[in-house]
Amino acid sequence: MAAFVLNVVLGLVGTHLAHAADEDGYDLWLRYRALPAAQKTALAAAATGIAAPDDTPTVRAAAAELKRGLAGMLGRAPDAIPANAKVRAGTIVLARATLPAGLADADAVRRDLASVGSEGYVVRRTRQDGVPVTLIAANSDIGLLYGSFAWLRQLQLGTAPDGIALADKPALPLRVLNHWDNLDRTVERGYAGESIWNWWELPNIIDPRYTDYARANASLGINGSVLNNVNAKAEVLSPAFIAKAAAIANVLRPYGIRVYLSVRWSTPLELKETKTADPLDPAVAAWWARKADEIYRTIPDFGGFLVKANSEGQPGPQDYGRNHADGANMLARALAPHKGIVMWRAFVYSPPAHPNQVSDRAAQAYDQFKPLDGKFDKNVLVQVKNGAIDFQPREPAHPLFGAMPDTPLVMEFQVTKEYLGFATHLVYLGSLFQETLRFDTRAGNQPMTVARVLEGAQDGRVGGIAGVANIGSSRNWTGSTFDQANWYAYGRLAWNPDLDSRAIAREWAGQTFAPDARVVDPVVAMMMRSREAVVDYMTPLGLHHMMGTGHHYGPAPWVDDLARADWNPVYYHRADKNGIGFDRTAKGSNAVAQYAPEVARRFADPATTPPEFLLWFHHLPWDYRMPDGRTLWTDLVAHYDHGVAEVAAMQAEWQRLRPFVDARRFDDVAQRLAQQQREAAWWRDACIAYFQHQSGLPLPAGVRAPAQPLDYYRKQAFPFAPGHG
Ligand code: BDP
């Protein structure tokens, strides 16, 4: 009976799904699997040859990718058409702005090219010398590579070649990944194995994986890679490591990816080459200028520095009584002659000056950086995390995005899921990224989304976007299949922050599994509910920072004994017998006043605060009435239950996909979902047990009691959890 059902299902699906061979995930979304017969015929006619100016590494990379993609989808690669030979019907023509002679609608193409800038592309079916061709045109070589990837993406999604017409360009000039990779190859907050950078073997041994990394990033338009951890070591600027970075840069260069390094503020001092690290000391500035010269001698297109200073124990200019602008500008001046930039992080919070002083960690970055707006050199960008605390499952957008009109800003997202279940939980971050990018910071009475701020809509100061990478040496790169989607979504939104996260999920699912609605619809349905699910079973209604100490795995809302008050979960949720939540209104820390008045007004009143941010901004009694009439306590418990139920629903959905996904990836996802189910229930039980202990309230009617007493949860310890240096 079961076999009969399976056969019927497989019969419906068609051969390309029925015999899904096991996949290890290495190919990411660039799988280029054989197309169904009808599509193959159409594509074969549209891909008979490639005419490309074969004279630069980037164009060669584009042609190679086209060949690889077509060989996979068609079963044979198109021939290279030699320069000056006549194109034949079905040629793919890669053309720089000086378009080839004999092009049918050259004027229209020129008009399109005029609007796609230096990195964009135009793809269309047209005719050259009277025969049908596919034109991929751009103003630069990198545009040709991006256009080739975009065309291949459409083909993988099943679009007929005749139906593909594209003209696109990136919205932001700076689209980077931040690797938190250490020089010993461990990865801070990495859940996908070791660093892909084999620092020990570099520069003489080049892992082919570096090229595949570059291809994957170029397919999205990512154009920068910060190779090492923001908690940087001085040695990364030693000649030996500069040579290693240069070897990586050589591999990434043809793919339009520049290399950057995180630098430690006190490097010259630690290398014993200066007597201080005071940014205003001329000897220190001279050291950095010489170091920059040295780097650019080996990496002529080096991107610049990323800096974490005076944050979580890292040294910085404040150690010398200077401010962030003094520090950033000194480095910026060393890089400016080479056109390098400084990305200076705003993730700062200091210990309270007096042990009893209560300062709101969420307010500190603004307090330190707002007064410096306009004081940074032109080649400094201030890099701000998406929210004011720390990459939590949900945070309102960081107030600095609405407060630095005279400084270009870089958005920092965390793609690796430090606070969202590591690589075990299925959580699609496209929804989280989109929510922040569309957050309206307001400019006077005009709407001003975070995306517009980054794009310089307010004042022409164009910023960028950075994602803390989730990439490692794991065979599937990210530790789990669905974490590949987070790399993908980050890259697509970096290219165009206005893209819709659901549409991105559809693209990813179509390329990663199969472009078939019977696969894509349920996969996307799972992805789209996953983020709200994790918020619900971890930190609903605006709660935050309740993860286990250090490793951030699992629930620990009870922790109250860490060295600094603002490291303790109890500092953030403040639950006691009277109520719960952090009061950030004028009666509390007043951090709400850091938003534009229109935004602040809305968040200042619990009645107008969206429920998802309620306890972020307000401390409320347990019997506070929620919009649906339930008490806060009942509502909170219901959110925890809902989160767990959502994971069960995702699991059930995945089971229905069994006939459509190869066994290897299917089983891996199924095991992870089962573990997510266990951990979601653990989060729910531990938090409800704890909050019930604090509130002294009985469980709402019909609610299941936690499986274990509170003490059981408090005793859990995870000494070897990954990613924790
Ligand atoms: C925190 C991480 C820590 C990072 C820090 C940062 O736990 O490992 O070093 O962010 O962004 O969330 O600097």
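In listed order, ligands and their atoms are each counted from 1. On a predicted model such as this, the values are computed, not experimentally measured, just so you know.
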**OP:** Classify the angle between the aromatic ring planes of W344 and H324 as parallel (below 30°), tilted (30 to 60°) or perpendicular (above 60°).
**Re:** perpendicular
Subject >> Exercise: do N178 and Q383 side chains pair donor with acceptor under 3.5 Å >> reply: yes
Original post:
Do the numbers put R574 on top of the ring of Y571, so that NZ or CZ is under 6.0 Å from the six-membered ring centre and no more than 45° off the axis?
Top reply: yes
Original post:
At a 4.0 angstrom heavy-atom cut-off, what protein residues surround ligand 1?
Top reply: W180, E188, R189, V230, N231, K308, E312, R345, F347, K385, D390, E418, Y419, H552
**OP:** Kindly indicate whether a cation-pi arrangement holds for R209 with W477, taking the cut-offs as under 6.0 Å to the six-membered ring centre and within 45° of the axis.
**Re:** yes
Subject >> Salt bridge flag under 4.0 Å for residues E532 and R394 >> reply: yes
Subject >> F718 and H724 aromatic centres sub-6.0 Å >> reply: no
